[in-house]
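Since the model is a prediction, treat every value here as computed from it, not as a measurement. Computed over heavy atoms, backbone and side chain alike; hydrogens, waters and symmetry mates excluded.
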Amino acid sequence: MIKSLHSFALAAMLAPAPTVQNFIVDPDPTGHTGITDFFKGIKSYFTGEKASSLEKVVDYFTSTTNPSVVNANGDGGGGVFLYVNDGSLTGTWTRHQIGYGVCYEHAAAFKYPGNKYPGIIASCDNRLGLV
């Protein structure tokens, strides 16, 4: 028994590790809101205000085989955004606004029993809601 466990442990240590890949979904997730929020950002920089959070959740929101990304943020006017790709993680990602408000703290995927796809629970505008 001990000999077989040692063989199993050795085989596990020698097995090749999976390759880590990085994908850029949105190079500037808080910079899409226009000139008004650009000036708000400049003002907050000079007044020393802290930047708010940028919550990210990856799950199968629109497909059972291809992951998508949700970003809930409080910068640049805030909001909840769904990013879907063209079928390839290295392909084109399209951004859709699915919620509004200044979001903070944690966002998480939540799937009701019987639903095919999960929704998002996020704290926005001092309210906890399901998007």
_Any non-hydrogen side-chain atom of Pro67 less than 4.5 Å from a side-chain atom of Leu89?_
yes
### Query
Is the closest side-chain heavy-atom distance between Glu55 and Asn73 below 4.5 Å?
no
Shortest non-hydrogen pair, Val57 vs Ala107, comes out as CG2-O, 3.3 Å
Val70 vs Tyr83 side-chain heavy atoms within contact, under 4.5 Å: no
For this session: Please tell me if the side chains of Tyr60 and Asn66 come closer than 4.5 Å, counting only heavy atoms from C-beta onward.
Result: no
Applied to residues 111-131, the ring-ring contact (aromatic ring centres under 6.0 Å, His included) test, sequence neighbours excluded, yields Phe110-Tyr112
Would you check if the side chain of Lys111 reaches a backbone N or O of Ala109 as a donor-acceptor pair within less than 3.5 Å?
no
In short, Ser123 meets Leu128 closest at the heavy-atom pair OG-CD1, 3.7 Å
Next item on the list: Please assess Ile120 against Phe61 for the test side chain to side chain contact (heavy atoms under 4.5 Å, CB included), listing each intermediate value before the final yes or no.
Entry: CA-CA 9 Å; Ile120 295 291; Phe61 296 108; 3.2 Å; yes
Nearest heavy-atom approach of Gly91 to Asp86 is CA-OD1, 3.5 Å
Do Asp26 and Phe81 come within less than 4.5 Å of each other through their side chains, counting heavy atoms only? no
On a heavy-atom basis, the closest approach of Ser68 and Thr62 is OG-N, 3.9 Å
Does Asn85 reach the side chain of Thr92, with side-chain heavy atoms less than 4.5 Å apart? no
Q.
Assess the residue pair Cys124 and Val80 against the criterion (side chain to side chain contact (heavy atoms under 4.5 Å, CB included)); give the C-alpha distance rounded to whole Å, side-chain angles, the decisive distance to 0.1 Å, and a yes or no.
A. CA-CA 9 Å; Cys124 298; Val80 182; 4.0 Å; yes
If you count heavy atoms of other groups shown closer than 6.0 angstrom to CD1 of Ile24, is the number above 12?
no
I'd like to know whether NE2 of His106 has more than 12 heavy-atom contacts from other residues, nucleotides or ligands below 6.0 angstrom. no
Connected via hydrophobic side-chain network under 4.5 Å: Leu82 and Tyr100: no
Quick note, salt bridge (Lys or Arg N to Asp or Glu O under 4.0 Å) partners involving residues 113-124, not counting sequence neighbours, are none
Mark yes or no for whether Gln21, through its side chain, and Phe23, through its backbone, hold a donor-acceptor pair below 3.5 Å. no
